[in-house]
Structure formats: structure tokens, C-alpha cells
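Chain identifiers are assigned alphabetically (A, B, ...) following the order of the sequence lines, protein sequences preceding nucleic acid strands; residue numbering begins at 1 within each chain. These numbers come from a predicted model, not from an experiment.
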Amino acid sequence: MEPPGNIETESRKQLVALLTQHQRRIFAYIYTLVHDRTDAEDILQETNLIICEKFHEFEPGTDFVAWACQIAYWRGRYARPKFARAKVIFHQELVDALAQTAAEMQHELDDRHVALSRCLEKLPHRDRELVLTRYEPGSGVPEAARRSGRSLEAAYKALGRIRKLLLDCVSHQLATGGVS
Amino acid sequence: MNLSDKEILELNELCNALVDGRLSSGQQLRLSRWLASSEEARQFYVRHVDLSASLCAYAGEMQSEAPQADAARSKVIHYLWFWLAPLAAAACVALVLWLKHQSGDRARIEPKPEEHVARLTGSSKCQWASGAVPIRSGDGLSKGQILDLAQGFAELTFDSGAQIVLEGPASLQLDSAWTATLRHGRLKANVPAEAMGFRISNPAVEVVDLGTEFSMVADGSGSADVLVLKGMIEASPRDSAEQRTIVLHENQSRHFARSGMSKVSDPEQTFALLNGPVTLDHFAAASAWHHWSFDEPDGAQIKADSLGLPLPAYDARVEEASEAILPALRVQGRSQLAFRFNGHLFARADFSGLSSASPHTVACWLKIPEDVHLPNAYAMFAWAVSSKKLGSHPVHIGWNRNPAEGTLGVLRTDYGGGFALGATPLRDGRWHHIAIVFSPDPDPDSNVDVRQYVDGRFEGEGKPSPPGTEISAKFSNPQASGVSDVLFLGCRIGADGPRKDRFRGEIDELWVADGALGPREIVELMKFNKPPQTEVASAKK
């Protein structure tokens with residue numbers, strides 16, 4: 001029988017590995033439900049805390065992402081009143097439906113994430129700079145517009161066009177077997 | 001049923017508006033109904049929003065990528081480093097808390113560091129709404145903070161240099177150093193050339209400054225008046241039906257509402273009201289100034305002046321340079337003479353109190369040759385700082401030599417726990433004015449807030465160092481190694497004092513103030529080469 005200290009150390013290692021490996025997926029799931037980066041990051045922080053606290057309840061070998069997303073879902077639901085002043089907030093039934101759809105699409109979304117890196121490489125340099133600046137931590141559309149020398153309105157339009165290009169490119173990659 | 005091309009385009013537009021925070025109430029209703037009734041629409045939505053989540057990841061990865069990443073690092077650590085950089089703190093805090101919890105400690109959640117984007121720089125008969133935390137002159141104002149002013153006037157200076165006078169009752173949200181949202185009430189914005197592009201929005205309109213002074217009056221029910229006092233602005237109605245951007249010039253005004261644009265009622269009276277004088281009590285950012293003009297024609301001594309409080313003058317002395325070459329190091333400067341650091345020598349000045357974790361601003365003119373090499377990036381200025389959280393550690397101001405972390409040659413400040421990068425490459429053989437503002441948080445456990453200005457323009461604020469690289473060196477005994485309370489010019493410092501990395505370039509008109517200067521004061525210092533407070537008593541040696 002292993003000493004308790006070793007079991008605890010192994011458990012910590014496993015927690016770090018799982019949290020690290022799946023952080024993006026958990027964040028993406030939350031972001032789908034709250035569609036605001038700051039709110040999503042806040043919920044992710046709180047979700048991480050709960051995952052750490054409740055990790056002893058996680059059964060090794062089961063789906064960690066599904067377990068973590070359940071925690072994230074309830075954390076988001078609990079925090080809902082906090083975001084009541086947000087500009088856009090969907091009613092809870094719709095959030096539930098979106099959560100269900102997002103959970104069912106997890107594997108496809110993983111593939112899309114991988115394919116996206118190839119599509120980003122295909123973008124013209126100016127477009128890639130604009131879209132990556134837009135999504136840099138602490139940045140946004142005004143900053144991306146400023147750095148690229150575009151007017152704000154032009155930046156919004158360009159970003160809309162680039163996102164559509166990327167969506168189409170990713171779908172094409174998946175359809176043609178670019179990603180297994 | 002498959003979505004038609006037309007439906008996909010419309011859904012794409014709605015999702016774009018959503019992720020960019022521009023969804024109108026009509027669009028929100030349309031999107032909600034659509035998503036509620038169609039699984040295909042939900043799938044499109046999930047793919048679209050997930051694309052943004054992935055772009056957050058890739059952009060974060062690009063921003064925090066480290067140049068000397070050890071290729072042998074495990075994939076897990078690599079992944080943690082590149083993608084989690086902005087989010088890793090949360091996981092790490094969580095893990096630390098969990099480990100503490102496991103060991104029986106009662107842990108508390110570490111608060112997120114506050115990112116200051118503006119400062120309250122003036123006020124008159126200011127009363128904050130009941131329940132609001134009172135704000136005093138000089139206080140830093142955080143990103144996302146909402147100011148509810150019950151009455152009186154409050155002057156806010158954003159880190160970009162834009163200045164707003166808010167007239168109570170009013171409510172303003174600070175979105176960043178470049179953006180704010182007027183929820184209701186009246187404001188007057190003065191935006192210097194350095195802050196061109198500053199933006200104020202409300203539900204009815206978004207105003208982008210084109211170098212101007214303008215006013216916005218929002219009634220809280222979704223409509224607003226915009227009046228241009230000087231220069232011009234670009235105004236974009238937020239209503240989906242009328243997204244035409246218009247340019248308004250001096251003395252022009254417009255009323256924006258959900259129903260569309262119209263004339264402002266009684267603009268003459270409103271303009272007269274806005275042009276009325278308001279006397280504000282202003283906050284003085286600094287009380288003591290030290291100045292090195294570098295105007296001596298030769299010799300190893302660099303004389304200092306001190307202004308403000310009765311203070312000693314901290315003369316600097318050139319080290320590791322022969323007497324013979326000293327005259328050749330005095331060159332034509334931005335103002336009279338400047339000092340040329342040749343890549344081999346350095347200078348040092350005893351500077352009492354410099355190593356304490358207190359606010360400081362360092363500003364000077366700088367000329368770096370185009371052909372300067374990477375080893376000469378370290379450092380224009382260096383000193384040791386002691387803090388409760390990080391112990392004794394160096395602060396280095398130089399130019400960026402690490403292309404993976406930012407543009408090569410831009411202003412770079414490394415300090416305990418973080419670094420700041422500018423945007424203007426400095427290696428062009430031209431004079432540039434730089435200013436770096438250090439504002440330690442009153443909480444000794446928090447990091448210092450650092451802001452950089454190049455040629456008067458806000459360029460880069462401090463951000464946390466990548467995990468594991470927080471501090472490049474630590475001084476176990478700074479007094480013994482001779483780095484405590486010493487300002488070093490032209491070299492990097494380590495645990496044993498000055499290192500062999502030396503700066504090459506010219507420096508002129510160096511100022512060190514004992515406070516965190518605002519953008520306006522920095523521009524004034526740049527333009528007039530004297531402290532903005534003209535009433536300070538001179539204590540020239």
C-alpha cells in the first residue's frame with residue numbers, strides 16, 4: 001500500500017496536469033455561455049478554485065473536461081446576478097441549450113482550435129496582426145484599430161470579415177481532412 | 001433544415017456584434033429568438049464564439065511567448081506557459097490555495113491586481129454618491145471602475161493624456177486608458193495630440209477624438225448630446241438603423257438617440273454653459289525633483305540640481321573612463337550639451353531614498369545610434385529597490401533586445417515581478433523623450449504599477465513577468481554590494497554592483513521626480529524642460 005504522502009503528491013501532479021491540459025477547453029466553454037472575456041476569466045478563476053477544492057471527488061479515468069465544465073456551468077449560473085448589468089445576457093433556458101450544444105461539440109471544437117492555427121498562418125500579415133491584437137490580453141478593437149492605423153468602424157468591419165474567413169477556412173480544413 | 005447563405009451572413013453579423021460588444025437591443029432579441037429555436041443556429045453560434053476563445057488563446061500565446069524557451073521543456077509546461085500566461089495566475093492561485101488547504105492553513109483568495117488607467121487630478125466641491133468609495137485627489141482609478149459623482153466637478157486624467165472634467169450628478173465608467181463610457185450626466189473632454197483616438201461612448205453614440213475639446217451630455221435613458229468646442233470629432237451612432245459615422249467640427253453639435261440623429265435644442269446656451277470657467281483644486285504629483293543637465297564641458301563629474309523641498313544635489317561621477325576621453329563624451333545635446341555613453345563606461349550618483357518602494361518618475365532625452373548592438377541595450381538607468389514582497393531587486397530601463405517579447409529597440413523597463421514595453425523603436429539616431437512612472441501600491445504585497453511614455457505618448461504599461469522569470473537578480477545584501485540608494489547611468493547592475501553590459505547612446509536633461517507624474521506633466525516637462533510646478537523653490541547647489 002502506498003504511503004498517504006505519495007498518494008497526495010500524485011493527486012496534485014494529476015490535478016496540475018489536467019488543469020493545464022484542459023484550461024483552454026474550459027475557458028472556451030465558459031466564453032460560449034457568457035461571451036465576455038473578462039467575465040469568462042472571472043468565472044474560470046472561480047471554477048479553477050472549486051476544481052482544486054473538489055478534486056478528491058473526481059474519478060480518475062472519467063471525462064475531466066465534462067466534470068470541469070459542469071462545475072463551470074454552475075459557477076456561471078451562480079454568478080449570473082453579477083453580470084445582470086452586462087449589455088447582453090441571454091435567458092437561462094437559452095444558456096442551458098447553448099451549454100448542451102457546446103458540450104456535444106467539444107471534440108469538433110478541439111479540432112477547430114488546431115485547424116485555426118493553420119488558417120491564421122494563411123491570413124495576410126496585416127489581417128493577422130489586426131485580429132491577434134484585437135484578442136491580446138488587455139487589448140480590444142480600439143487598440144487594434146489604433147495600432148493598425150484604421151478607423152474604429154473600419155476595424156470592426158475588417159474583424160467581421162476576417163472572422164468569417166477563418167470560420168470558412170477552419171471548416172474547409174476539417175472537411176478536407178486537414179485535422180484528424 | 002440547413003441555414004441558407006443569407007441566414008449564415010446575418011447570423012455571422014449578429015455574432016460579430018455580440019463578441020465585439022456592439023449588439024443592439026433589437027439584434028439581441030433577434031439573436032436570442034433564433035438561437036432558442038434552431039439547433040443549427042446554436043451550432044453556428046458555438047463555433048463562432050469558440051473561434052474568439054481560440055483567438056484569445058493564440059493572441060495570448062503570441063504576446064507572452066518567451067525567446068529562450070527551453071526546447072526540452074515538457075509539452076505540459078510549454079502549454080501552461082504559452083496559453084495560460086494570462087490565465088495561469090488563476091490556476092496557480094487555486095493550486096496554492098488548495099495545497100495550503102491540504103496542509104491545514106486557512107487561505108484567503110488573492111485579489112486580482114488592479115490596473116490603473118487614470119487618476120483623479122483635480123476637483124471642486126466634489127461629492128461622491130452615497131455608498132460609493134470616496135476618491136481623493138491623486139488616487140489611481142482602475143480599469144472598469146464606475147465613478148458616481150453626486151455633485152461638484154471631478155477632473156480625471158487618463159494615462160493616455162486625455163482629460164475629462166465630470167460634472168455631477170454623473171456616472172462614468174473607465175474602460176481603459178483610451179476609452180470611457182458616460183452612463184449619464186455631463187462631461188467635458190480635453191484630448192491633446194498625444195491622446196488622439198481617445199473614445200467616449202454611451203448607448204446612443206461613440207465619439208472618437210480627432211484632436212479636440214468636446215462635451216457629451218447623456219440623459220441616462222439612452223440619448224446624448226455631443227458638442228465640439230475645439231477641433232473635430234468622429235461620432236458613430238450606436239443604433240443599428242443608422243450607423244453612418246459623421247465628423248463634427250468646432251461649434252457643431254448633434255443629438256443622438258435610438259430614433260436617430262437630430263439637432264441639439266438650444267445649442268448656444270449649452271455652448272455658453274460649457275465654456276464657462278471652472279476652478280479646480282489640482283493635485284501636485286511630485287514635490288521634489290532632481291535634474292542632471294549634462295552641460296559641463298568636461299570632467300568626470302555630472303552636476304545635479306534639486307528643486308522643491310530642501311534637498312541635497314546628487315552629483316554623478318563617471319567611472320571606468322580615462323581623463324583623456326572625457327571631453328569627447330560631451331556632445332551637442334537636445335538642450336546645450338549631452339553625455340555620450342560609449343558602451344564601456346558608466347556613471348553613478350548616490351541618491352538617498354531611491355531604493356525605497358516609493359513613487360518615482362524618471363524622464364530624459366535620449367539618442368541611440370542606428371547601428372547599436374544588442375549588448376548595448378543594458379541599461380540607460382538602473383537602481384535597486386527593496387519591497388516587502390520581492391526583497392531587494394534591480395530596476396533596469398533600457399531598450400528591448402528580445403524580439404519575441406516585443407519590437408526590437410523599443411523602450412523597456414524591467415522591475416521586480418514585471419516588465420513594460422513601448423512601441424516606438426528608439427534606435428534611429430534621433431532624439432526621443434522618454435518617461436517612466438513607477439507607482440508602488442500602498443499594499444506592500446502588491447506589485448508596482450509602471451507606465452512608459454515616449455515623446456509624450458503613453459506607450460506600454462507594466463505586465464507580470466512570465467512565471468519563473470520574475471526577477472533577473474536578487475540582492476541578498478544590497479548595502480554590502482554598493483547598489484542601495486544609488487542611481488546607475490549607462491550600465492546594468494547585478495548582485496556585485498555594475499555589470500559589464502553597458503549602454504551606448506546619448507542622454508540629456510535627466511529628471512527624477514519623487515512622485516508619479518501624469519501624462520500632462522510629462523508632456524510639459526518634455527516641452528519646457530522644467531517641472532510643471534513653477535512655484536517650487538530652487539535649491540540649486
- Turns out that what part of A:L94 lies under 4.5 Å from chain B's heavy atoms comes down to side chain

- Message: At a 4.5 Å cut-off on heavy atoms, which part of B:S52 comes close to chain A: side chain, backbone, both, or neither?
- Response: both

- Message: Taking the side chain as everything from C-beta on, heavy atoms only, tell me whether B:I8 gets closer than 4.5 Å to A:K164.
- Response: yes

- Message: Using every non-hydrogen atom in the two residues, find where A:L132 and B:A59 come nearest and quote the distance to one decimal.
- Response: O-CB, 3.2 Å

- Note on the structure: Cut-off 4.5 Å, heavy atoms of chain A, and the answer for B:V19 is both

- Would you give the length of the straight line joining atom CZ of A:R146 to atom OG of B:S160, rounded to the nearest 0.5 angstrom? 9.0 Å

- Note on the structure: Comparing A:V170, A:L159, A:L152, A:V131 against chain B, the one with the most heavy-atom pairs below 4.5 Å turns out to be A:L152

- Query: Does a sphere of radius 6.0 Å around CD in A:E57 hold more than 12 heavy atoms from other residues, nucleotides or ligands, not counting ones at 6.0 Å or beyond?
  - Reply: yes

- Task: May I ask you to name which of A:E93, A:E143, A:E108 has the most heavy-atom pairs under 4.5 Å with chain B?
- Result: A:E108

- For side chain to side chain contact (heavy atoms under 4.5 Å, CB included), just list the numbers for B:L55 and A:L166, CA-CA rounded to whole Å, side-chain angles, deciding distance to a tenth of an Å, and then say yes or no. CA-CA 10 Å; B:L55 287 168; A:L166 290 172; 4.2 Å; yes

- Item | Part of B:E13 lying under 4.5 Å from any heavy atom of chain A | neither

- Is there side-chain contact between A:E104 and B:Q43, with at least one heavy-atom pair below 4.5 Å? no

- Query: Of all heavy-atom pairs between A:A28 and B:D50, which one has the smallest distance, and what is that distance?
  - Reply: CB-OD1, 3.2 Å

- Task: Measure B:D20 against the heavy atoms of chain A and call it side chain, backbone, both or neither at under 4.5 Å.
- Result: both

- Item | chain B contact via A:T47 - side chain, backbone, both or neither, heavy atoms under 4.5 Å | neither

- May I ask you to check whether over 12 heavy atoms, not counting those of B:R33, lie within 6.0 Å of atom CZ? no

- Nearest heavy-atom approach of A:T32 to B:Y45 is O-OH, 2.6 Å

- Message: Do A:R112 and B:L51 have side chains that approach each other closer than 4.5 Å (heavy atoms only, starting at C-beta)?
- Response: no

- Below 4.5 Å from any heavy atom of chain B, which atoms of A:L120 appear? Answer side chain, backbone, both or neither. side chain

- Could you tell me whether the side chain of A:Y31 and the main chain of B:S54 form a donor-acceptor pair under 3.5 Å? no

- Turns out that what part of B:R42 lies under 4.5 Å from chain A's heavy atoms comes down to both

- Item | A:L167 versus B:R47, closest heavy-atom pair with distance | CD2-O, 3.9 Å

- Note on the structure: Nearest heavy-atom contact between A:P142 and B:T179 is CG-CG2, 4.1 Å

